[in-house]
Amino acid sequence: MSGRAIRVLNVAEKPSVAKSVAEILSRRGGGGMRVRDGRSRYNRVFEFEYMIRNQRCFMVMTSVTGHLMELDFDERYKKWHSCDPAALYQAPVRKFVPQDKLDIRRTLEEEARKCEWLVLWLDCDREGENIAYEVIEVCTGAKSNLNIYRAHFSALIEREIHEAAQNLVRPNKLFADAVDARQEIDLRIGASFTRFQTMLLKDAFIIDLGEERNIVLSYGPCQFPTLGFIVERYWEIQAHEPEEFWTVNCSHTSEEGTASFTWLRGHLFDYASAIVIYEMCTEEPTATVINVKNHEKFKYPPHPLNTIELQKRASRYYRMSSEHTMKVAEELYQAGFISYPRTETDNFSPNTDLAGIVRDQVEHPVWGPYAQRLLDPDARLWRNPSNGGHDDKAHPPIHPTKFSTGQSNWTQDHAKLYELVVRHFLACVSQPAVGAETTVEIDIAGELFQANGRAIIAKNYLDVYRFDSWGGSLLPTYTVGQQFIPTSLTLDSGVTRPPPLLSEADLLSCMDKAGIGTDATMHDHIKKLLDRCYATKDANTRFSPTNLGEALVMGYDDMGYELWKPYLRSMMEADMRAVSMGTKTKSQVLEICLQQMKACFLDARTNKAKLLDAMQLFFQRSNRPQGGDVNQGAVVRPCGACCESDMALKRTPNGSLMVGCMSYPLCRNVVWLPGSISEASVTNNICPTCTPGPVFMIQFKFRRLEIPPNYDVDHLGCIGGCDTILRELTEMCGRGPKNSAGTGRGQGGRETPRSTTSGTHSRLLFCTNCNQPGHSFDDCPSRFVNPRMPQSTHSNNGRYSDQLPCRQCGGPCVQRTANTENNRGRKFYKCQSENCGFFIWEDSILDNATGQGVGRARGRGARTVTASRSGRGRGRARGQRSANSDGVTFVTATGEPVSGRCFICGDPSHFANTCPERVRVDA
DNA sequence: GCAAGGTC
């Protein structure tokens with residue numbers, strides 16, 4: 001045993017871990033634990049004695065709160081107009097402790113000075129390792145000769161913590177390097193693209209985001225792919241072309257009940273084939289049972305709960321946003337009711353006292369009895385939880401940690417989320433539900449049909465997990481060889497539907513799959529899209545892009561870049577892995593990645609017209625002077641007047657271009673530029689003659705009609721005094737713009753879009769009715785509806801009003817929405833006059849009005865923007881005819897004859913299934 | 001006024 005105790009500073013990633021680790025270690029030390037405040041009110045300091053490998057230690061344990069440092073550009077580059085955004089790929093960056101973390105730094109410095117060892121108890125992932133090096137930097141700054149160790153633990157349980165303390169290792173710089181690289185890349189890409197697209201677009205268009213605020217059009221390597229998922233699905237829906245299909249359905253009712261048989265062919269898109277088969281069946285409708293199968297089926301409980309699954313399920317079951325879920329979960333965690341809510345782990349470690357967690361819940365009035373049954377060996381309800389295959393080695397799956405029947409300070413959402421966590425946990429340790437399934441196969445005229453029935457034998461976990469359901473429907477008894485006449489045999493039509501908009505749960509799945517964000521940040525990226533007005537979420541938690549979101553993605557897509565796809569992030573992730581494994585160095589990755597991204601950035605800037613074009617499809621041009629055509633704020637030269645600041649390229653509010661001192665108004669040194677310039681961009685070329693240097697040359701573009709013919713419109717010039725061309729043009733053209741609108745762009749050539757509804761953005765370059773340019777909806781010659789219809793009754797979607805004049809009697813037709821299986825959601829008009837049965841589908845009106853259906857909606861590659869973006873409205877009108885007789889129904893869904901005529905009587909006005917000559921089939 | 005990642 002050693003004599004003198006070593007003083008050890010221990011640092012955890014968060015206060016809760018410091019407390020847990022201190023509690024566990026101090027129990028073995030025997031001397032108890034003292035707690036005192038640190039400089040930061042959240043991060044307390046715990047002191048106790050502990051033996052590390054026979055070495056007596058006086059342990060001082062405190063914490064940080066996540067990252068201690070931030071990365072940002074040097075002061076000189078922080079202001080938006082301080083430099084060309086392209087310069088942000090090389091601009092110096094520095095890591096520093098931000099203002100709100102200074103008190104934590106002070107605690108660390110003060111404690112480190114008194115200690116000999118530093119032991120880092122940060123989470124065992126790359127970010128944790130990076131935070132470890134931030135702590136090291138601060139601590140060794142205060143005391144340089146610290147002996148530094150890392151504790152590796154995967155859960156806050158006794159055995160793990162002691163093992164970690166007894167097997168200290170050295171921190172892994174490679175892991176920290178990987179994060180450093182990620183941070184730097186994110187910062188440079190994010191800031192450069194954000195400044196670029198904001199400065200390019202925000203003043204060039206009228207972008208009304210609904211409230212007074214400074215518009216920022218941010219770009220980020222996580223937020224854009226997330227937006228990309230939303231836009232991609234939206235485009236998929238727009239591009240969907242509904243296709244009609246036919247299916248034969250059969251049902252049979254006996255004393256025991258009704259069995260519904262589905263056609264084993266599924267459905268056919270070819271009407272002629274479908275009707276032939278259907279006719280065969282109706283000619284010989286006797287069904288023969290050819291197979292009856294009985295089998296046992298299990299429905300398994302979910303895996304243990306991790307963060308993403310919690311967010312998805314809270315969204316699905318309660319329609320809670322992922323952001324709100326995390327806020328509520330955090331509060332439940334802080335109050336001790338649930339375990340740490342940010343975890344990837346969906347597998348309980350074998351040491352977990354699962355029965356103990358169940359035991360905590362037996363008193364609950366609602367699920368307590370179930371918990372009791374779980375603990376009763378005779379009930380045979382217990383089952384060890386499944387392994388979801390994820391383990392972050394830092395936290396267990398989310399589970400209840402304290403019993404509650406609801407607290408007075410809880411909102412409904414706290415109660416709901418707690419209930420979800422408890423029920424989910426109880427479900428995880430339960431047996432699966434068991435069902436007896438029956439499949440009956442029948443043959444009608446050689447066609448096979450099948451009916452399925454299910455009887456639930458044991459509900460098991462479903463008794464507690466009320467969010468899952470497993471429908472059961474009993475089938476009447478059938479025996480092989482049995483014959484019967486179907487009660488109904490129908491030919492039904494259906495139409496293929498586009499996929500739905502992405503729900504929040506879908507979006508989380510997409511992000512998870514593509515590795516966009518982490519479990520702790522995914523909800524932030526989703527919220528950012530809503531905050532930036534790139535997307536909206538409807539009441540069903542489904543996401544649509546806004547005009548702004550769609551325009552931005554379209555702009556980059558038209559450039560041919562996949563900046564809005566997840567690949568960039570995936571590549572970066574792969575590079576990060578390479579750095580952490582040592583196969584690539586941090587500087588290699590930074591150099592290559594930033595070089596590529598800078599090239600991409602410069603290319604995007606060259607192709608900025610694509611972004612402007614895409615925006616122009618959705619927004620009106622503004623007349624505000626803009627910096628979009630000028631890399632405003634870019635430094636041109638040091639100021640020779642004040643000798644303190646640089647001079648930068650600027651545009652005054654009235655549109656004049658100049659190079660002025662950045663210390664204005666303290667220094668008023670200025671060089672005015674000719675008014676005939678349309679574009680100006682500071683280059684990296686340095687003038688070889690002018691002093692004091694460096695004087696960066698400017699690439700000018702002049703307006704052809706405003707300069708003499710013998711001058712070139714493109715000119716690489718210098719404002720240092722050596723450039724005679726520039727001087728001559730300034731003298732000839734004067735300074736300041738010829739037109740007060742600044743750049744003069746968007747002033748002709750293109751049709752200015754008009755707005756239909758005040759307060760919304762216009763995307764109507766074309767008539768919403770016929771998709772032809774040159775006139776408005778109201779003036780459309782092919783409009784079928786009343787031209788006096790007030791504007792407010794039609795929307796941007798080019799839809800009709802909720803009333804139409806009847807084509808038959810002239811009375812009012814009212815719009816309704818079909819709710820039948822085949823046409824659910826499809827709108828139609830029905831005449832309100834008692835004796836008039838007039839009825840018409842809305843999409844068939846649109847077909848008639850356009851002559852050939854709605855313009856093809858845009859998918860990737862098909863870029864014709866049409867005002868009506870609906871994928872619907874193509875194809876023939878569909879109706880239904882039916883023939884009822886004595887409880888037996890044969891129905892065809894084909895309203896209009898497509899081709900041919902009745903197979904029985906030859907009459908072209910109907911098909912064989914409704915033919916009056918048809919032999920009746922009695923049940 | 002910019003990113004994404006920790007965390008209170």
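Every chain is numbered from 1 and lettered A, B, ... according to where its sequence line falls, protein lines coming before strand lines. Small disclaimer: the values here were computed from a predicted structure and weren't measured.
By the 6.0 Å and 45° rule, A:Lys565 does not stack over the aromatic ring of A:Phe224. With A:Phe46 as the aromatic partner, A:Lys19 does not meet the cation-pi criteria of under 6.0 angstrom to the ring centre and within 45 degrees of the ring axis. No cation-pi contact links A:Arg94 to A:Phe73, judged by a cut-off of 6.0 Å to the six-membered ring centre and 45° from its axis.
Here A:Arg126 lies out of heavy-atom contact (under 4.0 Å) with every strand. A:Ile189 comes within 4.0 angstrom of nothing in the nucleic acid, heavy atoms only. The residue A:Lys101 sits close to a base: some heavy atom pair falls under 4.0 Å. Backbone-only contact: A:Asp123 has heavy atoms under 4.0 Å from sugar-phosphate atoms and none from a base. Residue-level contact check: A:Thr198 touches the bases, meaning some heavy atom is under 4.0 Å from a base atom. As judged by a 4.0 angstrom heavy-atom cut-off over every strand, A:Gly517 is placed among residues touching the sugar-phosphate backbone only.
Applying the side chain to side chain contact (heavy atoms under 4.5 Å, CB included) criterion to A:Arg41, with sequence neighbours excluded, gives no partner residue. Residues passing the side chain to side chain contact (heavy atoms under 4.5 Å, CB included) test with A:Ser339, sequence neighbours excluded: A:Ile398, A:His399, A:Thr401.
Listed by residue number, A:Ser218, A:Tyr219, A:Gly220, A:Pro221, A:Cys222, A:Gln223 are the residues of residues 218-228 of chain A with a heavy-atom contact under 4.0 Å to DNA chain B. DNA chain B is contacted by A:Arg182, A:Gln183 of residues 172-184 of chain A, taking any non-hydrogen atom closer than 4.0 Å.
Here the options are A:His390, A:His395, A:Glu344, A:Met511, the test is side-chain contact (heavy atoms from CB on, under 4.5 Å), and the partner is A:Asp519; only A:Glu344 passes.
Between A:Asp37 and A:Arg44 there is a salt bridge, with a side-chain nitrogen of the basic residue lying less than 4.0 Å from a carboxylate oxygen of the acidic one. The pair A:Asp84-A:Arg605 meets the salt-bridge criterion, with a side-chain N (NZ, NE, NH1 or NH2) lying under 4.0 Å from an Asp/Glu carboxylate O.
You can see that DNA chain B meets the heavy atoms of chain A within a 4.0 Å-exclusive cut from B:dG1 to B:dC8, reading 5' to 3'.
Comparing A:Asp524 and A:Ala191 along DNA chain B, the residue whose closest nucleotide (by nearest heavy atom) sits nearer the 5' end is A:Ala191. Comparing A:His525 and A:Asp72 by the nucleotide of DNA chain B whose heavy atom lies nearest to each, the residue mapping closer to the 5' end is A:Asp72.
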Exercise answer: donor-acceptor pairs, residues 96-106 of chain A side-chain atoms, under 3.5 Å, sequence neighbours excluded:
{"residue": "A:Lys101", "atom": "NZ", "partner": "A:Thr65", "partner atom": "O", "Å": "3.4"}
{"residue": "A:Lys101", "atom": "NZ", "partner": "A:His67", "partner atom": "O", "Å": "2.6"}

Residue pair A:Tyr149, A:Trp121: steps toward the ring pair (Phe, Tyr, Trp, His ring centres under 6.0 Å) verdict: CA-CA 9 Å; A:Tyr149 293 104; A:Trp121 292 84; over 10 Å; no
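Neither side chain, A:Arg342 nor A:Thr307, offers a donor N or O lying under 3.5 Å from an acceptor on the other.
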